[in-house]
Amino acid sequence: MILTMDKVTIRSREKTIVDEVSLTVHEGEWFALVGQSGSGKSLLSQAAGRMLPPNLQMEGHIRLHGQDLLSLSARQMRDIRGRRLAYVFQDYQGSFTPFRTIGQHLDEYQKVHGITPGAVRKQQGMEALESVGLEAELYRRYPFQLSGGQLQRVSIAMALMLSPDVLIADEVTTALDSVSGHRILELLAHKQRETGCAILFITHDWRHVRRYASRLAVMQEGRIVETGGKHRILDHPRHPYTRQLIQATPMLHKPGHLLPSGLQEVRGQ
Ligand SMILES: Nc1ncnc2c1ncn2[C@@H]1O[C@H](COP(=O)(O)OP(=O)(O)OP(=O)(O)O)[C@@H](O)[C@H]1O
């Protein structure tokens, strides 16, 4: 196991938002965290990087390779973010400063992690762009000169630049049209095969779960109600809430004898 959350609780002054959530992400797997809007998925993922809004309190344990992240100093945590645990967010535009070039963003990301000299950073920045299918010449462009899909590719390039063990991808296609979204997920799947990093994939889209995830957890109102392998959950959901979510996704119900996971039903099971 690479990332474990053990009885993580997140509270505001008024209420408990995430309630004793435990989950384990294994090395190199695509683990989906599924649930409706407001169930606490994003806050849980922010807690992993110790990036919760200051008005929220957290209890429990979050371990990366067995190391308790909550016991680390702010400086140690800064080293971990990017190098061992990286993020790609839904709001890719918010991840970029408008009047700094793509190259400056890539440069700064490496500088924070002590990569020198500048010429190496520039070379690595251009290679990172090429590694996600972008022209190295985008290095000199400004964020507003790129399309949404291109910017999200840059986010992925940046997040994977320092070879993290875990990539947290929070609703990364929501702000994109469906073709660009599909391409981004195919890129993520390709990069995962190439780098072997684990992906904690936050989504409410079961079609993406069906296509990419190996295991998943279903969240409802701050709690995990069901966790397990993709095929088991899609084909034989145990919790009523999971059944309800799957049934609400018409495309998962294929005609004929195929199961929602796309596998054939095995007689006698
Ligand atoms: N700083 C905060 N203070 C108080 N409540 C918050 C704060 N941030 C988020 N919340 C609330 O916590 C709940 C969970 O939010 P979260 O963003 O984790 O949900 P989510 O499952 O990721 O939803 P979505 O799919 O819409 O992103 C929501 O009801 C949200 O309004």
Side-chain angles (χ1 to χ4, degrees), residues 3-25 30-62 69-70 74 77 81 85-95 148 151-152 155-156 159 166-178 180-181 184-185 188 198-213 215-227 233 237 239-249 251-252:
L3 178 71
T4 56
M5 299 195 183
D6 185 15
K7 293 193 172 173
V8 173
T9 295
I10 301 171
R11 287 194 185 90
S12 68
R13 201 196 291 242
E14 294 79 29
K15 60 173 183 170
T16 299
I17 302 172
V18 170
D19 195 5
E20 297 210 339
V21 162
S22 298
L23 62 84
T24 302
V25 179
W30 185 302
F31 187 95
L33 191 55
V34 198
Q36 274 178 343
S37 193
S39 52
K41 308 179 298 293
S42 293
L43 288 180
L44 192 62
S45 74
Q46 289 163 28
R50 293 223 337 235
M51 296 193 299
L52 283 176
N55 68 315
L56 301 180
Q57 269 87 51
M58 182 189 145
E59 287 161 27
H61 295 282
I62 298 180
L69 297 182
L70 306 185
M77 200 57 217
R81 278 188 229 115
L85 179 72
Y87 284 84
V88 181
F89 297 103
Q90 165 184 338
D91 175 22
Y92 52 83
Q93 272 156 338
S95 309
L151 273 183
Q152 199 56 303
S155 307
I156 292 170
V166 182
L167 179 68
I168 297 183
D170 189 354
E171 305 270 13
V172 289
T173 61
T174 309
L176 298 173
D177 64 73
S178 59
S180 308
I184 286 295
L185 293 182
L188 265 187
I199 296 184
L200 176 57
F201 182 74
I202 296 166
T203 186
H204 54 258
D205 194 325
W206 284 89
R207 290 165 307 169
H208 297 162
V209 174
R210 182 176 69 175
R211 188 171 173 91
Y212 299 103
R215 291 192 312 125
L216 65 129
V218 182
M219 267 187 98
Q220 179 188 26
E221 294 173 7
R223 287 169 176 263
I224 287 186
V225 295
E226 184 157 4
T227 184
I233 291 190
H239 195 278
Y241 180 67
T242 315
R243 282 201 286 274
Q244 196 186 324
L245 286 180
I246 292 175
Q247 277 160 13
T249 311
M251 283 185 71
L252 286 174

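As the structure lists them, so they are numbered: ligands from 1, and atoms in each ligand from 1. In this chain, residues are counted from 1 in sequence order.
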>> Closer than 3.5 angstrom, by distance alone: can the side chain of Thr227 be matched with the main-chain N or O of Leu216 as a donor-acceptor pair?
In response: yes
> Any side-chain heavy-atom pair from Ile202 and Phe89 closer than 4.5 angstrom?
Replying inline: no
> Does the N or O separation between Gly40 and ligand 1 drop below 3.5 Å for any pair?
Replying inline: yes
> Does CD in Gln90 sit with more than 12 non-hydrogen atoms of other residues, nucleotides or ligands closer than 6.0 Å?
Replying inline: yes
>> Below 30° counts as parallel, above 60° as perpendicular, anything between as tilted: where do the rings of Tyr241 and His239 land?
In response: perpendicular
> So do Val88 and Ser95 actually touch side chain to side chain, heavy atoms under 4.5 Å?
Replying inline: no
> Heavy-atom distance to atom 26 (O) of ligand 1: which of Ser42, Ser45, Ser37 wins?
Replying inline: Ser37
>> By the salt bridge (Lys or Arg N to Asp or Glu O under 4.0 Å) test, which pairs, at least two apart or in different chains, include something from residues 45-61?
In response: Arg11-Glu59
>> Students should be able to answer this: which protein heavy-atom is nearest to atom 18 (O) of ligand 1, and at what distance?
In response: Leu43 N, 2.9 Å
>> Going by the closest heavy atom to atom 25 (O) of ligand 1, which one wins out of Gln220, Glu221, Gln46, Lys41?
In response: Lys41
>> For atom 3 (N) of ligand 1, what is the closest protein heavy atom, and at what distance to 0.1 Å?
In response: Asn55 ND2, 2.9 Å
> Do Met219 and Leu44 come within less than 4.5 Å of each other through their side chains, counting heavy atoms only?
Replying inline: yes
> Does some non-hydrogen atom of the protein lie less than 4.0 angstrom from atom 13 (C) of ligand 1?
Replying inline: yes
>> Heavy-atom pairs closer than 4.0 Å: do any link ligand 1 to the side chain of Ile17, the backbone, both, or neither?
In response: side chain
>> With heavy-atom distances below 4.0 Å as the criterion, list the atoms of ligand 1 near Glu171.
In response: 25 (O)
> Between Gln36 and ligand 1, which residue portion shows a heavy-atom distance shorter than 4.0 Å: side chain, backbone, both, or neither?
Replying inline: backbone
> Does Gly38 reach ligand 1 with a nitrogen or oxygen that is under 3.5 Å from one of the ligand's nitrogen or oxygen atoms?
Replying inline: yes
> Mind checking whether Trp30 and Tyr212 have parallel, tilted or perpendicular rings, split at 30° and 60°?
Replying inline: parallel
> Does an N or O from Leu56, backbone or side chain, lie closer than 3.5 Å to an N or O of ligand 1?
Replying inline: no
>> At under 4.0 Å between heavy atoms, is it the side chain or the backbone of Asp170 that contacts ligand 1, or both, or neither?
In response: neither
> Judging by distance only, is a nitrogen or oxygen of His204 under 3.5 angstrom from one on ligand 1?
Replying inline: no
> Yes or no on side chain to side chain contact (heavy atoms under 4.5 Å, CB included) for Thr242 and Trp206, after CA distance, side-chain angles and deciding distance?
Replying inline: CA-CA 11 Å; Thr242 315; Trp206 284 89; 4.0 Å; yes
>> Test of understanding: given a 4.0 Å heavy-atom threshold, classify the contact between Pro53 and ligand 1 as side chain, backbone, both, or neither.
In response: side chain
